[in-house]
Every structure is written in C-alpha cells, then in structure tokens.
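FYI, side chains are in, hydrogens and waters are out, and symmetry mates aren't considered; it's all heavy atoms of this structure.
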Amino acid sequence: MLDFPRWKVTSIVAFLVALMLLAVPSFLPESTTNSWGKFPHPRINLGLDLAGGSYLLLEADTKDIATKRVELMREQVATGMRRATPRIDIGDISTRDGTLSFLLRDVTKVDAAREVLNKLTSGVALTGQRDWDLNVVDSSRIVMKPTQAGLNAAVDQAMGDATEVVRKRIDELGTREPTIVRQGSNRIVVQVPGLQNPDALKKLLGETAELEFKLVDQTADPALLAKGTAPIGSQILPYPNNPQGMPVIAVKRSPNISGDQLTDARQSFNQQTNEPEVVITFDSQGGKRFANLTQANVGKPFAIILDKKVISAPNINEPILGGTASISGSFTVDSANQLAIALRSGKLPVALKVVEESTVGPDLGKESIRAGILASIIAVTAVVVFMLLTYGRFGIYANIAVVINVFIIVGVMAVLNGTLTLPGIAGFVLTIGTAVDANVLINERIREERRRGRNVVQAVELGYKEASRTIFEANVTHAISGVIMWFMGSGPVKGFATVLLIGIATSVFTAVVFTRMLVALWLRKNRPTDINI
C-alpha cells in the first residue's frame, strides 16, 4: 500500500499538474487567452445566473399538431387511393372534428382501400396500439380517427424536433453554451447567457419558418375573396403588403415547393434596388422542381408564403434555373438575416409562444460570482485551519489535496466545456467541505491503529487500507444521488450535479492516492518512530 516507485510518483504528479494547467485559462481574462492562437485554452462557461442573459419558457399548441396530422393524413389518403392499382375512386375527404371520413364509389373495393390505409398507419412504440383507428361504416364510408397514443407520440416527436430547431437557431446567433431543455410534454426552457435583449430572440423563435411556393389563382373573383370564398382547389391567405390593396390572395392549394428542400439561406442585397433580400439555395430535387415550375408558368404570378402569410407574389418573367432564388419584401437587414437563420435551421414542426420571460443583468451575475468566490475562500480557509489544528502534518497533506482538488475540478469542467452556474458554485463549496472526509476517516483509523500498539508504518498502511473500503462505499452512494440529479434535473440542478460528480471523483483520487503518496515518501525518507496525528 505504501510502495511508490519513482515511475508511479512521476505519473501521479504529471497527471495532476496537467489537469491543474487546464484550469489556468478559466482564471485569466478571455482577451488574454484569445491571444494564444491555436494553443489549447479550454475555459469554463458561465451560466445565465452568473453571466446574465435571457430566459424564455416556450409552449407549443398541441391542437396545432393534431390539425397538421389530420391534414397530412388527408393528403396521404388522397395520394394513396389515386396511386393504387387499380385506382380506387373516392368522394371528398371530410376532416370535421379531427376525424377523416370519405365514401368509396365502388363498395367492392373496401378491402383494397383498407389495405392501402393500413400501410399509412403504424404501431405506437410498445403500447400495442396504432396511431389511427380505422372503421368501415355503412359498407361504403371509411372513418379514420387518431388515437390518443398516436397523438402523444406525435407531440413527443414534434417537441423533440422543435427543441433541435430552437437549438440550431440560437447557435446561429453565435451565443455560447445556451441551455435548451424540454419541460413537461409541451414546453421548452431556453436560457441564453450574455444576451441582454430577448426581443430578437423571441421573434426568431416565434417564427415557424414554414416556407412554401405556390401558384396564384388568377381566376379568383376579388368580390368573393373579400367574402372569404375561394375557388375549388384554392385557398385564401393573408397578403399584408399586396400592392393591389387587397389584404388577401388566392393560391393553389396543392403544394408545389416547400422550405424542406432548402440547403442554404443567406441575407443579401438586391443588385438593382439595393434593398435587403434573402437568397435561398435548393437541393437537387428542389432545384429541379423549381426550374420545372418556373418553366411551365412563365408570365404567371407565384406566391412566396412564410408561416401561412404571403410576403410577395412576383411574376415569373423567365425560368429560374440553377437551384437559386431570392425572396424580396419589406425587409430590413436584421429581419432578412433573422429569416435566413430561421430558414437555414429548418421550420418548426409546431408553433411556439412565449409564456414566461425574464432578463438577468450582468451586474447581478457579477455579484453572484463575488459572493460565490467569497464563500469558497471562507470554506477553504475554514477547512485548512481545522485540518491543520486537528491532524498536524497529516492535515497539511489533506490541505494540499483540497487545493489541488479545486484546480482539478475547474480543469475537468473546462475540458468538458461545462457551464458554471450559481448552484454549481454551491457544489464547489460542498465539494471542498466533503473533500477532506476521506482524510478524516484515514487519519482517525491511523490513530486507532496506533492506540492498538501498531508501529508507524503498520498503522499508516492499515489506516489507508481499511478506510479506503468505507470511503469508496460512501462516495458510491453519494455519486448515485448526483447521477440521478444529472439525468432527471435540468439547468441549475444539472450544473450542481455536474460539479458534484466531478468533485467526488477528483476528491477520492487526491485524498486517497495523492495523500498516501506524500505520506509514503515522508515515511521512507524520515523513518519516524512516532507520529503526531
């Protein structure tokens, strides 16, 4: 237990020094570390409560998800019946009250229709249920109703996708270490350190960014449009900036091209008017469809639709080839850039609204940091004094381990690109207080062995050996609590658990392995006949 050859001593010291050096950049100004160039300089990021920033709680409308599912299924049913071999003729599909229903023109094709529809539905995880109930009524009418299990699965998937879209949009803003986590079944918590103005963030996250290109229905009667009546196969959409003055416009209902086929979107300037615009690039399939659409409809207007609102409806003067197009409107540079970010990150599968918001100023964060540092200094000082007075030389070794442990925690968090929050500082203070627990157990066991008459070397060896088992068992139960908090918690709770788990691992190593090495080297050099512990 007390045998430490030179290679082992060198390895332990080199390992600890390397981890401590990783902590250095976190204690230096960011301007200093940035001047290091490509030299690695990992540093801890400060959370919202320390750096200041914006907090938003977003909520999704689950009714919107249900409506979109029904509309999507309506299109799939119509396409499936049309492409069936032989084709299955059906009447108009009703979507009243969130339920699909339609009539078969040929009652002998009920089984064929059921076979087509069964392929459009699927099982829901391990629930044993399908996402849609399918029933035949009066031998010719088919009714499809979404199940609750299917709706729950759709909400869960939509919220997962929405969380990733929100993450991409915030990353595009260039912020560091945002916290984006789901809360409950239909909410997302967004914390962006360093962002003091949440208005731009709210506008960016509030845009669904559902982009569509559809042909304008030129046969629509303006008088009927004013009354809310559109021609068959068309729909009425708001057009706030309509140069003709009418606030609505009729567009073909069938989708032509959607924003899902975009590969890039950038803010630019129109070469003729010098006004801000958004230049978009399609993938190969989208570029081909866009080229075909413009070639077949030269001279006709087509609408550019964003979030169910028409932002412009220009004429197709010539075929647009190459897979690149521009979106113009009443843009400013900021609004065009925000739209480009929203389009690049993809559309939100569900509309989100802000139900709670707050802003933490940097002054409050600085005060929190100052209070946390003060608490840490007081904790370290108190522990150092207590250990020194209680255990003498062995207390000095424990104190060295505590100081090294603090630097190692910072270094490990920096390497992991961790975020330090106010509860994380509390985790630091707690770790400092508990870091010497192992040494207390070891030292008390050494005292006990000396009272039993063991010589110095035997007492020290048995003290470390017997106490180590208790130390590891105690810290395993400690770590279990930290792991549960890390997996089930979010935001500050997760930050506290992160510091706690790192502190458990590092404190056990420094308290057991490092102090044992120091004691072994001292015993081998001085060979004392008695110890003052």
Side-chain angles (χ1 to χ4, degrees), residues 71-72 75-76 78-79 82-83 207-222 225 230-331 335-347:
E71 186 62 26
L72 178 61
E75 295 178 4
Q76 290 178 337
T79 302
R82 185 172 61 253
R83 294 180 178 178
E207 288 185 350
T208 309
E210 183 179 3
L211 182 67
E212 296 175 291
F213 298 87
K214 295 184 176 182
L215 290 172
V216 175
D217 190 342
Q218 295 179 284
T219 64
D221 186 345
L225 288 181
I232 297 176
S234 297
Q235 62 183 133
I236 299 176
L237 293 178
Y239 189 5
N241 298 317
N242 191 344
Q244 297 180 0
M246 182 171 289
V248 296
I249 192 173
V251 299
K252 298 291 185 180
R253 184 178 293 275
S254 58
N256 291 312
I257 302 173
S258 68
D260 295 335
Q261 296 165 319
L262 293 181
T263 59
D264 193 19
R266 300 287 170 184
Q267 183 269 321
S268 183
F269 293 94
N270 188 292
Q271 294 182 355
Q272 296 180 349
T273 63
N274 203 34
E275 293 181 351
E277 63 180 11
V278 179
V279 178
I280 57 177
T281 304
F282 294 99
D283 58 20
S284 57
Q285 182 180 3
K288 184 177 180 180
R289 293 188 62 183
F290 195 75
N292 292 337
L293 171 69
T294 54
Q295 283 178 330
N297 295 279
V298 173
K300 298 179 181 178
F302 76 113
I304 302 173
I305 306 165
L306 180 66
D307 292 345
K308 304 302 181 182
K309 291 183 180 180
V310 177
I311 57 177
S312 63
N315 283 329
I316 303 174
N317 296 324
E318 59 184 9
I320 302 175
L321 309 177
T324 301
S326 61
I327 303 174
S328 58
S330 301
F331 289 130
S335 62
N337 188 52
Q338 286 185 354
L339 175 57
I341 291 175
L343 294 177
R344 281 200 305 272
S345 60
K347 72 175 183 180

Quiz item: How would you list, by chain and number, every residue that makes a salt bridge (charged side-chain N to carboxylate O under 4.0 Å, His left out) with Asp264, sequence neighbours excluded?
Solution: Arg266
Show me the side-chain donor-acceptor pairs of residues 295-306 shorter than 3.5 Å, one per line, residues at least two apart or across chains.
unit_1	atom_1	unit_2	atom_2	d
Asn297	ND2	Leu293	O	2.8

Exercise. Grab the two heavy atoms, one from Pro319 and one from Thr294, that are nearest each other, plus how far apart they are.
Key: CA-OG1, 3.6 Å
Quiz prompt | Residue pairs fulfilling ring pair (Phe, Tyr, Trp, His ring centres under 6.0 Å) with at least one residue in residues 258-287, sequence neighbours excluded | solution = Phe213-Phe282, Phe282-Phe290
Quiz item: Judged by atom type as modelled, is there a donor-acceptor pair below 3.5 Å linking the side chain of Asn242 to the main-chain atoms of Met246?
Solution: yes
Quiz prompt | With Lys308 via salt bridge (charged side-chain N to carboxylate O under 4.0 Å, His left out) - residues at least two apart | solution = Glu210, Glu212
Quiz item: For Gln235 and Lys214, which heavy atoms make the closest approach, and how far apart are they?
Solution: OE1-NZ, 2.8 Å
Exercise. Please say whether more than 12 non-hydrogen atoms of neighbouring residues, nucleotides or ligands are located less than 6.0 Å from CD in Gln244.
Key: no
Exercise. Over all heavy atoms of both residues, which pair between Val310 and Pro240 is shortest? Give the atoms and the distance, please.
Key: O-CD, 3.6 Å
Practice problem: Drop me the distance from Leu237's CG to Ile249's CD1, to the nearest 0.5 angstrom. | Solution: 8.5 Å
Practice problem: Kindly write out the residues that satisfy side-chain contact (heavy atoms from CB on, under 4.5 Å) with Ser284, not counting sequence neighbours, or none if the list is empty. | Solution: none
Quiz item: Given side chains that start at C-beta, do those of Asp217 and Val251 come closer than 4.5 Å, heavy atoms only?
Solution: no
Practice problem: Kindly write out the residues that satisfy side-chain contact (heavy atoms from CB on, under 4.5 Å) with Asn337, not counting sequence neighbours, or none if the list is empty. | Solution: Gln267, Ile341
